[in-house]
Amino acid sequence: MTQALTGIVIAGVVAACWVLGRPKRNILRSTDASAIAAINRSQMELVIPAREGDAMGQASAQTVQLPAAHDRRGRGLLLKQLEAQFRAGGEARRSAMAICQLWRHREALPLIRRGLRDADQVVAALAADAMAHFRGRSSAPVAAAQPLKLPRNVSRMR
């Protein structure tokens, strides 16, 4: 019995020396806050000019004549023009989304939906702003409410 106690005590002393002898990690010394702040500043500089370009895109979109609601030919021409601009990419794609945002017509919805999935963040933001006009209740005429049909097997429902 004394041999077992002696073994347990020796194992405890070895474990205590091992735990106390390990070097402690100092997390605050290993992280450099100035490097993280520099990264954050560089990321913010990439985002802020994009917002200024957004305002320029809207200003250029205001010079385009938007067709009247009853002008089918004008709507078709504008949609073809917007489609061509969207395919061109770059600044033309941004201006196409800005025009869609100003136009607020249902025929531009397919183009706006494609803009939501665009890789360019400015185009996606413009498309989201354009889509905000269409969110909510539908403007389609509401059909008369039909009475609900009973399920085929009512006994399973009760």
Side-chain angles (χ1 to χ4, degrees), residues 18-20 22-158:
W18 179 71
V19 169
L20 294 175
R22 289 188 321 178
K24 293 179 176 70
R25 293 183 184 172
N26 290 333
I27 295 175
L28 293 177
R29 284 187 199 164
S30 65
T31 56
D32 187 12
S34 63
I36 294 172
I39 291 172
N40 288 341
R41 278 192 299 275
S42 67
Q43 292 295 321
M44 289 300 290
E45 288 173 2
L46 293 175
V47 174
I48 291 173
R51 290 294 178 191
E52 292 170 1
D54 175 26
M56 288 189 325
Q58 287 182 353
S60 67
Q62 291 174 351
T63 60
V64 174
Q65 291 287 63
L66 299 176
H70 62 277
D71 184 13
R72 288 188 185 185
R73 183 171 176 261
R75 288 192 319 242
L77 290 173
L78 181 63
L79 281 174
K80 286 180 184 176
Q81 178 187 3
L82 291 175
E83 186 74 32
Q85 285 180 343
F86 194 82
R87 284 190 189 128
E91 189 61 38
R93 183 175 288 181
R94 291 183 191 124
S95 67
M97 276 298 116
I99 293 170
C100 287
Q101 182 181 10
L102 291 174
W103 190 26
R104 294 182 172 184
H105 199 274
R106 286 196 175 280
E107 291 183 12
L109 276 174
L111 195 63
I112 293 170
R113 287 186 187 115
R114 275 190 279 161
L116 288 173
R117 297 185 303 264
D118 197 84
D120 188 2
Q121 292 178 355
V122 175
V123 173
L126 285 170
D129 289 342
M131 187 61 85
H133 174 73
F134 298 103
R135 302 243 187 251
R137 299 188 109 184
S138 173
S139 63
V142 178
Q146 296 179 353
L148 295 174
K149 294 180 181 178
L150 290 175
R152 290 184 183 180
N153 195 347
V154 179
S155 63
R156 290 186 182 175
M157 299 293 290
R158 296 179 185 180

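- Residue R93 holds its CZ atom at 8.0 Å from CG of D120, rounded to the nearest 0.5 Å.
- In this structure, the side chains of M97 and L82 stay at 4.5 Å or more apart for every pair of heavy atoms.
- Here R114 pairs with E83 under the salt bridge (Lys or Arg N to Asp or Glu O under 4.0 Å) rule; sequence neighbours left out.
- Judged as a ring pair (Phe, Tyr, Trp, His ring centres under 6.0 Å), the pairs with a partner in residues 103-127 (not counting sequence neighbours) are, in order, W103-H105.
- Residue pairs meeting the ring pair (Phe, Tyr, Trp, His ring centres under 6.0 Å) criterion with at least one partner in residues 65-92, sequence neighbours excluded, are absent.
- One finds the CG atom of D129 at 10.5 Å from the CD1 atom of I112 (value rounded to the nearest 0.5 Å).
- A124 meets the side-chain contact (heavy atoms from CB on, under 4.5 Å) test with no other residue; sequence neighbours excluded.
- The CZ atom of R94 sits 9.0 Å away from the CG atom of L126 when rounded to the nearest 0.5 Å.
- In this structure, NE2 in H133 is found 11.5 Å from CG in L102, a value given to the nearest 0.5 Å.
- Applying the salt bridge (Lys or Arg N to Asp or Glu O under 4.0 Å) rule to D71 yields no partners; only residues at least two apart in sequence or on another chain are considered.
- Within the model, atoms SG of C100 and CE of M131 stand 10.0 Å from one another, a figure rounded to the nearest 0.5 Å.
- Residue A127 comes nearest to G115 through the heavy atom pair CB-C, 3.5 Å, listed as atom of the first residue, atom of the second, then distance.
- Remark: I99 CD1 to Q85 CD distance equals 5.0 Å, nearest 0.5 Å.
- Partners of E107 by side-chain hydrogen bond (donor to acceptor under 3.5 Å, both in side chains), not counting sequence neighbours, listed by chain and number: R75.
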